Number of protein chains: 2
Amino acid sequence: MNLPPLVQSFVLHFGEMGSRWGINRTVGQIYALLYVSPRPLCADDIVDALGVSRSNVSMGLRELQAWNLVLLRHIPDDRRDHFTTPEDVWQILRVLAEERKKREVDPTLSVLRELLMQKPGSEVEQHAQARMAEMHGLIERLTTWYEDVKRLETDRLTALLALGARVTKLLDAKDKVVGLVRRKKEA
Amino acid sequence: MNLPPLVQSFVLHFGEMGSRWGINRTVGQIYALLYVSPRPLCADDIVDALGVSRSNVSMGLRELQAWNLVLLRHIPDDRRDHFTTPEDVWQILRVLAEERKKREVDPTLSVLRELLMQKPGSEVEQHAQARMAEMHGLIERLTTWYEDVKRLETDRLTALLALGARVTKLLDAKDKVVGLVRRKKEA
DNA sequence: CCGTCGTTTCAGAATTTTCTGAAATCTATG
DNA sequence: CATAGATTTCAGAAAATTCTGAAACGACGG
């Protein structure tokens, strides 16, 4: 590996973290490299930069494409495929959230649904099902919330984030206004 | 493994998913078993239920304790340690979020901060740093938002979730009111 | 203290995942 | 349609991880 020190540190860190994120080291490194690179890179650039085998890079890029985390770009007068990450970090966040949900949440949700359909055959199974129902409820709430907010445009989303916990103040205010209006109507 | 079918399916699924969640199969299974079990279990119960080695269970429990996902319970007149999961699923969610943040986000955040302190030595490094700054900004926003909302009590949180994307309506309303008040003041 | 019951540690075996190099496949162009 | 450049596939090597059984450890009652 032969990279400017700053870039190298970044790339190595992503490699390390890769395993905690459910992607392997090489994939993490490739992603990091593309993320900070000022221009699209082709597979051989990546081989040179990271010092891993050509085929490993090929597989890594394949996986990143499956994750929708890299984009294919074509450079004029060059037959080779070039790759970048989406420009906008918010876009990246969306993609990441979507993919993780698909891989880590949806399967569990569907298994839970299935198990909840079955008739419990004993006390123990009955209790188990009640627990599963709780979990199912929680996950479902979270995912519908997520489905909702993911549609928001970026500036809306940042506004929401900036608001943070103060949202509840707004909620209180709303309740108060609604209460007032209702009382007025009833009078 | 000798469990009621419903429980077995659940446990096996969690085992499978374990790897996608960064915990290993046995750990996932132990957790699932404790989650649906109507009473606390001791290590040997788990060995019997899952058919894995005693030491494997011991290590699994150790890891789950590190994750704060299981609780130690003592049963009167029994010297053995017994284990459960937190009763409240929301509590579990909080724990999970906290731990994942600690493991998956915080290290990256601190690396980014460190790299952003350094002086770039070239064009390429300069660009890389700009990209890192974008990522850092995004993560920081998210984490401060998270720090905010994690303090909310459960019912507040559910209210917020139920509201979903309609929060923005509320935001618009607020902006309107603020505008009115301001104009009134200026008049 | 000693023995018993329960838990933890740890070195190596088993398994799984990741990585490589060689060969196969693909594709644009002369 | 042959060829050269580029990419992908795949079987096995390398590395990492998970799991086990044996031994060490700890604590409590006698």
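Reminder, nothing fancy here: chain letters follow the sequence lines and each chain counts from 1. The structure presented is a predicted model; accordingly, all values stated were derived computationally and were not measured.
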Participant: Taking only the side-chain nitrogens and oxygens of N24(B), find out if one of them lies under 4.0 Å from OP1 or OP2 of dT17(D).
Facilitator: no
Participant: Does the side chain of R79(A) get closer than 4.0 angstrom to OP1 or OP2 of dT27(C) through an N or O atom?
Facilitator: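 For dT27(C), OP1/OP2 do not have a side-chain N/O of R79(A) under 4.0 Å.
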Participant: Calculate the interatomic distance between R54(A) atom CZ and dG5(D) atom C1'; express it in whole Å.
Facilitator: 11 Å
Participant: Would you tell me whether R131(B) and T85(A) have side-chain atoms, one donor and one acceptor, within less than 3.5 Å of each other?
Facilitator: yes
Participant: Taking NE2 from H74(A) and C1' from dA6(D), how many angstroms apart are they, rounded to a whole number?
Facilitator: 12 Å
Participant: Where the side chain of R62(B) is defined as all heavy atoms beyond and including C-beta, which of dC10(D), dT7(D), dT8(C) is the nearest nucleotide?
Facilitator: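 Among dC10(D), dT7(D), dT8(C), the one nearest the side chain of R62(B) is dT8(C).
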Participant: To the nearest Å, how far apart are E63(A) CD and dT7(D) P?
Facilitator: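 Checked: the CD to P distance equals 19 Å.
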Participant: Is R73(A) atom CZ crowded by more than 12 heavy atoms from other residues, nucleotides or ligands, each under 6.0 Å away?
Facilitator: no
Participant: Assign each of H82(A) and S19(A) to its nearest nucleotide of DNA chain D by heavy atoms, then name whichever residue's nucleotide is nearer the 5' end.
Facilitator: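 The residue closer to the strand's 5' end, by nearest nucleotide, is H82(A).
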Participant: Between P on dC25(D) and CG on D81(B), what's the gap in Å once rounded to a whole number?
Facilitator: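 It works out to 20 Å between those atoms.
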Participant: Could you give the CD1-to-P distance, from I23(A) to dT18(C), as a whole number of Å?
Facilitator: 10 Å
Participant: Could you check how far CG of D78(B) sits from C1' of dT7(C), rounded to whole Å?
Facilitator: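 Rounded to the whole Å, the gap is 13 Å.
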Participant: Report yes if at least one side-chain N or O of S58(A) is closer than 4.0 Å to OP1 or OP2 of dT7(D); otherwise report no.
Facilitator: no
Participant: Could you tell me whether the side chain of S55(B) has a donor or acceptor atom within less than 3.5 Å of a complementary atom in the base of dG21(D)?
Facilitator: yes
Participant: Expressed in angstrom and rounded to an integer, what is the separation of D77(A) atom CG from dG5(D) atom C1'?
Facilitator: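 Atom-to-atom, D77(A) to dG5(D), this comes out as 15 Å.
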Participant: Hey, does T26(B) reach any base, or is it just sugar-phosphate, or nothing, if we go heavy atoms under 4.0 Å?
Facilitator: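 Sugar-phosphate, backbone atoms only, no base.
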Participant: Check every strand shown and say whether N56(B) touches a base, only sugar-phosphate, or nothing at a heavy-atom separation below 4.0 Å.
Facilitator: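 Touches a base.
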Participant: Name the residue closer to the 5' end of DNA chain D, choosing between R25(A) and L61(A) according to the nucleotide with the nearest heavy atom.
Facilitator: L61(A)
Participant: Quick one: do E98(B) and K101(B) make a salt bridge, cutoff under 4.0 Å?
Facilitator: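 No, no charged N to carboxylate O under 4.0 Å.
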Participant: Could you give the CE-to-P distance, from M59(A) to dT20(C), as a whole number of Å?
Facilitator: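 So the two atoms are 11 Å apart, to the nearest Å.
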Participant: Determine the contact category for R80(B): base if any of its heavy atoms lies under 4.0 Å from a base atom, sugar-phosphate if only primed atoms, P, OP1 or OP2 are that close, otherwise nothing.
Facilitator: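 It contacts sugar-phosphate atoms only.
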Participant: If I compare all heavy atoms of T26(B) with all of N24(B), which pair ends up nearest, and what's the gap?
Facilitator: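 The answer is N-OD1, 3.1 Å.
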Participant: Would one find more than 12 heavy atoms of other residues, nucleotides or ligands at under 6.0 Å from atom CZ of R103(B)?
Facilitator: yes
